[in-house]
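Inspection log for the structure reproduced underneath, given as structure tokens.
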There are 2 protein chains.
Amino acid sequence: MVVDELSDSEIDNIFHALADATRRDIFKQAMSREQSVSELARRYAMSFAAVQKHVAVLERAMLITKEKRGREQIVHSNPELLRRATELLDAYQDIWRGRTERIEEILFEPEREVES
Amino acid sequence: MVVDELSDSEIDNIFHALADATRRDIFKQAMSREQSVSELARRYAMSFAAVQKHVAVLERAMLITKEKRGREQIVHSNPELLRRATELLDAYQDIWRGRTERIEEILFEPEREVES
DNA sequence: GTAATCTACAACCAAATGGTTGTAGATGAA
DNA sequence: TTCATCTACAACCATTTGGTTGTAGATTAC
């Protein structure tokens with residue numbers, strides 16, 4: 001069962017964060033091992049500041065968190081949020097399968113409504 | 001088992017397409033029932049051209065396809081690609097669980113490499 | 001103390017995004 | 001035929017994105 005619902009903009013942030021190959025790689029790195037930002041930055045052919053921004057995007061999406069340790073910031077992954085993203089996609093698959101009853105609990109959103 | 005691999009930019013397109021609440025809703029609509037673009041457009045408080053662009057983003061991501069029927073374009077969903085996106089996220093979860101053997105077949109990417 | 005390292009953040013820039021209006025071509029209905 | 005509908009697409013605009021360089025503050029190493 002789902003603990004609590006993600007808002008539209010939180011979901012936006014999650015998928016946006018995953019829509020960049022560098023960020024996906026950073027996330028993968030963070031999932032496999034906790035590392036400092038500068039340690040991560042050394043792996044990519046771009047400036048430290050650019051990597052810092054990618055990390056910030058992942059952090060805004062709550063896919064990772066940072067923990068200050070001395071002069072370093074250690075990047076931790078948040079597998080719980082990833083699991084919820086997976087559930088979201090599963091819910092779309094359920095729609096296709098016509099299993100609307102499970103959708104209601106997983107992907108409940110008030111009707112996106114319009115004109116008349 | 002995975003049929004064939006998605007490229008980085010294809011994955012970029014998929015997650016980018018899902019990173020917008022209107023597009024997620026259009027996709028959900030298309031999953032539940034095939035509809036024309038104008039029929040979809042009537043549901044949202046924005047111009048037809050704006051919805052047309054959202055549909056184009058979903059189409060570029062291959063999450064949907066369009067089929068011309070008379071003067072209408074019917075939007076079909078592509079659940080296969082959604083399934084692959086789900087597998088991608090599952091692979092990240094596997095990384096976290098330390099199950100690297102399954103990652104190799106699901107998420108194989110040549111090492112993203114850099115300086116020396 | 002001094003120097004090196006790690007981080008934060010501002011300023012800047014080109015390109016992409018997400019919306020708009022307007023025009024025009026195809027198709028269907030009367 | 002004529003009119004309405006559906007679609008495509010161009011042009012435009014404000015904002016965001018994804019990169020850069022540069023400056024400055026904390027912390028660690030020597």
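Chain naming here is simple, since letters A, B, ... match the order of the sequence lines and numbering starts at 1 in each.
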- Task: Nearest-nucleotide wise, let me know which of B:Gln73 and A:Ala49 is further upstream toward the 5' end of DNA chain D.
- Result: B:Gln73

- First of A:Ala50 and A:Lys68 reached from the 5' end of DNA chain D, by closest nucleotide: A:Ala50

OP1 or OP2 of [N] under 4.0 Å from side-chain N/O of [X]:
| X | N | value |
| --- | --- | --- |
| B:Gln52 | C:dG19 | no |
| A:Arg69 | D:dA26 | no |
| A:Lys66 | C:dA8 | yes |
| A:Ser47 | D:dG19 | no |
| A:Arg60 | D:dT16 | no |
| B:His16 | D:dT16 | no |
| B:Thr22 | C:dG18 | no |

How close or far is atom [atom2] of [N] from atom [atom1] of [X], stated in whole angstroms?
| X | N | atom1 | atom2 | answer |
| --- | --- | --- | --- | --- |
| A:Leu40 | C:dA8 | CG | P | 13 Å |
| B:Glu39 | D:dT7 | CD | C1' | 15 Å |
| A:Ile74 | D:dT27 | CD1 | P | 15 Å |
| A:Glu72 | C:dT5 | CD | P | 13 Å |
| A:Phe48 | D:dA24 | CZ | P | 18 Å |
| A:Ile26 | D:dG19 | CD1 | P | 9 Å |
| B:Asp20 | C:dG18 | CG | P | 6 Å |
| B:His54 | D:dC9 | NE2 | C1' | 17 Å |

- Message: Mind checking if B:Arg23 touches a base, just sugar-phosphate, or nothing, with heavy atoms under 4.0 Å?
- Response: sugar-phosphate

- Task: Counting heavy atoms from C-beta on, name the nucleotide in D:dT7, D:dA11, C:dA29 closest to the side chain of B:Val37.
- Result: D:dT7

- Query: Under 3.5 Å, is there a donor-acceptor pair between the side chain of A:Arg24 and the main chain of B:Asp8?
  - Reply: yes

- Query: Does the A:Arg23 side chain pair with the main chain of A:His16, one donor and one acceptor, at a distance under 3.5 Å?
  - Reply: yes

- Note on the structure: A:Thr22 and A:Asp20 have their tightest heavy-atom pair at N-OD1, 2.9 Å

- Query: Between A:Arg84 and A:Glu10, is there a side-chain N and carboxylate O pair less than 4.0 Å apart?
  - Reply: no

- Among B:Val55, B:Leu40, B:Thr65, B:Val37, which residue meets the side chain to side chain contact (heavy atoms under 4.5 Å, CB included) test with B:Gln73? B:Val37

- Any donor-acceptor pair under 3.5 Å between the side chain of A:Arg71 and the base of C:dT5? yes

